[in-house]
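Report on the following structure.
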Amino acid sequence: MIEITPPVRVRFAPSPTGFLHIGGVRTALFNWLFARHYGGQFILRVEDTDEKRYVPGAAEDMMYSLRWVGIDWDEGPDIGGPYGPYVQTERHALGIYQQYIDQLLSSGKAYKSFVTEQELEQMRADAAARGIKSFRYRGAERDWTPEQVAAAEASGRPYTVRLKTPLEGTTSFSDLIRGGDKITVNNSELQDIVLVKSSGMPLYHLAHLIDDHEMRVTHVLRAEEWVPSAPYHLLLYQAFGWTPPVFAHVPAILRQDGKGKLSKRKDDVATNRFWERGYLPAAMFNYLALQGWSYDDHTEIMSRDEVVERFTIDRVQPSPARWNPDKLKDMNGIYIRKLSTAEVAERIMPFLSRATLIGDPPSGSERAYVERLIPLVHERLEELGDAPELLEFFFRDVAPAGGAGALEYDLALLIPKKMDAAGTAAALAAAHAVLSTLEPWTEGQLEETLRALAEELELKPGQLFGAIRVAVTGRTIAPPLFETLAALGKDRSLARIAAARDALSV
RNA sequence: GCCCCCAUCGUCUAGUGGCCCAGGACAACACCCUUUCAAGGUGUAGAUCGCGGGUUCGAAUCCCGCUGGGGGUACCA
């Protein structure tokens, strides 16, 4: 059992380079869960030190995604907090990082490096040409005298600030998730990483660490791809004389085919794609919580509060999970089925509006009609976005191919197994006749009448009902027939049956 | 190449030395229910716990090696 001692302050610090994919949401979620379970604070910070990859609006988009799954923050760019600002470029503009850079430089823990990117590139190429396996840059400037540095600076040459990493010895750190032994690397494997670009902008390694320190972050839960750079961070904490936070590297979420981690380009995993398709936040929350964490050997469906109560870091496992959209979809279906009719109607309306099946906003009668239709499709929905397709025939005309309907269907679909066109036409004619005098037009009456008719015609119920289903919906797979007829109304039902009968009779 | 991390059914996982010839869920398949499709119910199949060595009376569980997968190796994060 891992003891977590308060205070607990964690953060999620995305880089605004595009949309947030579900892997990022999962990392954020574990941080949030950790903070909520152990009674700490969850901080959101924007790490936008990479000017080249910066995408305007991405930070806002990410915040929207986070809130959508139900992750809120105690301190952040939009709400502020005691250690703001929470955007790195703003902090840089305020000069927050400079004093720390000076401190590193004057204590000899870092040095100014005057090699250019081009020179570096050349050195790498040369090294590769000579068959050198790994190129680790440690500049000659690390041993320069103050005079040499001053001279280079006086000539106006741009420089970066690099960490002066030890040549010998080892650096190690422990990890809450990768328990057991510490992770240790030989310092000889390290290189003098760049801390500050020639533009004066600090890089992630430096900026995040200063921010974490100033923001009193106690536990760093981040994706496992950061494990290799953790030694640099340890060295930096040592250089500053600060106590490092506790680390916990959460497992990655791999692509569905297992070939590599999720990629924004290759995989359809942008968080917004999920609300666009009609996923419920609760389902996404529940699914993501189970990617790398579990409660026991059988509990899967859990509310937000239950997960918060049960989430402990020792049940987070170190091995990577694989993106499994089928499982998410199944869970989404479970959560949709838990919703009331009114709730489903409310959530489905925007999809129907977008498909121009109803107005935007819907009229009062449209709203009422949609609510009337929900029970027919409620348990058949796995994605709310499927609703327009499932309900389309209630809003558009349906007719056999060649007819006048907006939704046309193949005549052959009309003919049930072991029947022919003439027989089907006769059955539909009989159905039309008996239904045209039916009062009241209710589900119960419809069922009673049509069952009696099937018996009278010596047809199996499925044969008769199948033909009527296609006539009325234009498809073989549809909601239950009697409910459909009742919801569609007498006039429209009869007109469609007549059209089918006539088409088959020609 | 080098460094680091990881390793239980196709997938997500339970399992921390005997309760496991390995449990649950998704997916698959079959049957039941049934007017189609779902939902629901029942069941089947699917993992010699990656491989090989140890330690132990006893190992999926501990140790070592190998293999495989992933990640890192930027003036990206």
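Below, read A as the first sequence line, B as the second, and so on, with proteins coming before strands; counting in each chain starts at 1.
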What pairs of nitrogen or oxygen atoms, one from the protein and one from nucleotides 19-22 of chain B, lie under 3.5 Å apart?
none

Where the side chain of [X] is concerned, which of [options] is the nearest nucleotide?
{"X": "A/Gln317", "options": "B/C26, B/U36, B/A14", "result": "B/A14"}
{"X": "A/Pro320", "options": "B/C6, B/U13, B/A27", "result": "B/C6"}
{"X": "A/Ser294", "options": "B/G40, B/U11, B/U13", "result": "B/U13"}
{"X": "A/Arg322", "options": "B/C6, B/C12, B/U36", "result": "B/C12"}
{"X": "A/Pro480", "options": "B/U36, B/G15, B/C26", "result": "B/U36"}
{"X": "A/Pro228", "options": "B/G72, B/C5, B/G15", "result": "B/G72"}

What contact category does [X] fall into here, base, sugar-phosphate, or nothing, at under 4.0 angstrom with non-hydrogen atoms?
{"X": "A/Glu382", "result": "nothing"}
{"X": "A/Arg222", "result": "nothing"}
{"X": "A/Asn324", "result": "base"}
{"X": "A/Lys329", "result": "nothing"}
{"X": "A/Ile183", "result": "sugar-phosphate"}
{"X": "A/Arg475", "result": "nothing"}
{"X": "A/Ala478", "result": "base"}
{"X": "A/Leu481", "result": "base"}

Would you call A/Glu456-A/Arg451 a salt bridge at under 4.0 Å N-O?
no

Interatomic distance at [atom1], [N] relative to [M], whole Å:
{"N": "B/C62", "M": "B/U16", "atom1": "P", "value": "10 Å"}
{"N": "B/U44", "M": "B/C9", "atom1": "C1'", "value": "14 Å"}
{"N": "B/G50", "M": "B/C6", "atom1": "C1'", "value": "12 Å"}
{"N": "B/C21", "M": "B/U8", "atom1": "C1'", "value": "15 Å"}
{"N": "B/C63", "M": "B/A7", "atom1": "P", "value": "12 Å"}
{"N": "B/G52", "M": "B/U67", "atom1": "P", "value": "15 Å"}

Closest non-hydrogen atom pair between [X] and [Y], with its separation:
{"X": "A/Ala152", "Y": "A/Trp144", "result": "CB-CZ3, 3.8 Å"}
{"X": "A/Tyr97", "Y": "A/Ile210", "result": "CD2-CD1, 3.8 Å"}
{"X": "A/Asp212", "Y": "A/Arg11", "result": "OD2-NH2, 2.7 Å"}

Which base sits across from [N] as a Watson-Crick or G-U pair, both distances under 3.5 Å?
{"N": "B/U34", "answer": "none"}
{"N": "B/C29", "answer": "B/G43"}
{"N": "B/C20", "answer": "none"}
{"N": "B/G65", "answer": "B/C51"}
{"N": "B/C2", "answer": "B/G72"}
{"N": "B/C9", "answer": "none"}

Tell me whether the guanidinium CZ or amine NZ of [X] lies under 6.0 angstrom from the six-membered ring centre of [Y] and within 45° of its axis.
{"X": "A/Arg277", "Y": "A/Tyr279", "result": "no"}
{"X": "A/Lys164", "Y": "A/Tyr111", "result": "no"}
{"X": "A/Arg337", "Y": "A/Tyr335", "result": "no"}
{"X": "A/Arg45", "Y": "A/Tyr86", "result": "no"}

Ring geometry between [Y] and [X] (parallel below 30°, tilted from 30 to 60°, perpendicular above 60°):
{"X": "A/Phe311", "Y": "A/Trp293", "answer": "tilted"}
{"X": "A/His233", "Y": "A/Trp226", "answer": "tilted"}
{"X": "A/Phe247", "Y": "A/Tyr237", "answer": "perpendicular"}

Length of the line joining [X]:[atom1] and [N]:[atom2], which is rounded to integer Å:
{"X": "A/Ile177", "N": "B/A7", "atom1": "CD1", "atom2": "P", "answer": "12 Å"}
{"X": "A/Leu328", "N": "B/A25", "atom1": "CG", "atom2": "C1'", "answer": "14 Å"}
{"X": "A/Arg138", "N": "B/U73", "atom1": "CZ", "atom2": "C1'", "answer": "13 Å"}
{"X": "A/Ile374", "N": "B/A39", "atom1": "CD1", "atom2": "C1'", "answer": "16 Å"}
{"X": "A/Asn286", "N": "B/G24", "atom1": "CG", "atom2": "P", "answer": "20 Å"}
{"X": "A/Arg255", "N": "B/G69", "atom1": "CZ", "atom2": "C1'", "answer": "14 Å"}
{"X": "A/Leu262", "N": "B/G70", "atom1": "CG", "atom2": "C1'", "answer": "13 Å"}
{"X": "A/Asp175", "N": "B/C6", "atom1": "CG", "atom2": "C1'", "answer": "12 Å"}

On RNA chain B, nearest-nucleotide positions of A/Tyr295 versus A/Asp326: which is more 5'?
A/Tyr295

Along RNA chain B (nearest heavy atom to each residue), the more 5'-positioned of A/Gly292 and A/Asn186:
A/Asn186

May I ask you to check whether over 12 heavy atoms, not counting those of A/Gln98, lie within 6.0 Å of atom CD?
yes

Give a yes or no on this: more than 12 heavy atoms of other residues, nucleotides or ligands lie within 6.0 Å of atom NZ of A/Lys460.
no

Judged by atom type as modelled, is there a donor-acceptor pair below 3.5 Å linking the side chain of A/Arg380 to the main-chain atoms of A/Ala387?
no

Taking only N/O atoms, report every protein-nucleotides 43-50 of chain B pair under 3.5 Å with atom names and distance.
none

Test side chain to side chain contact (heavy atoms under 4.5 Å, CB included) on A/Asp61 and A/Leu20; report intermediate values, then the result.
CA-CA 8 Å; A/Asp61 188 67; A/Leu20 190 61; 5.8 Å; no

Base of B/C37, side chain of A/Arg380 - is there a donor-acceptor contact under 3.5 Å?
yes

Could you list the protein-to-nucleotides 74-77 of chain B atom pairs, N/O on both sides, closer than 3.5 Å?
| residue | atom | partner | partner atom | Å |
| --- | --- | --- | --- | --- |
| B/C75 | O2 | A/Ser198 | N | 2.8 |
| B/C75 | O2 | A/Ser198 | OG | 3.0 |
| B/C75 | N3 | A/Ser198 | OG | 3.1 |
| B/C75 | N4 | A/Val115 | O | 3.1 |
| B/C75 | N4 | A/Glu117 | N | 3.4 |
| B/C76 | OP2 | A/Lys197 | NZ | 3.4 |
| B/C76 | O2' | A/Asp50 | OD2 | 2.1 |
| B/C76 | O2' | A/Arg53 | NE | 3.1 |
| B/C76 | O2' | A/Arg53 | NH2 | 3.0 |
| B/C76 | O2 | A/Arg53 | NH1 | 3.3 |
| B/C76 | O2 | A/Arg53 | NH2 | 2.9 |
| B/A77 | OP1 | A/Thr49 | OG1 | 2.4 |
| B/A77 | OP2 | A/Tyr204 | N | 3.2 |
| B/A77 | O4' | A/Arg53 | NH2 | 3.3 |

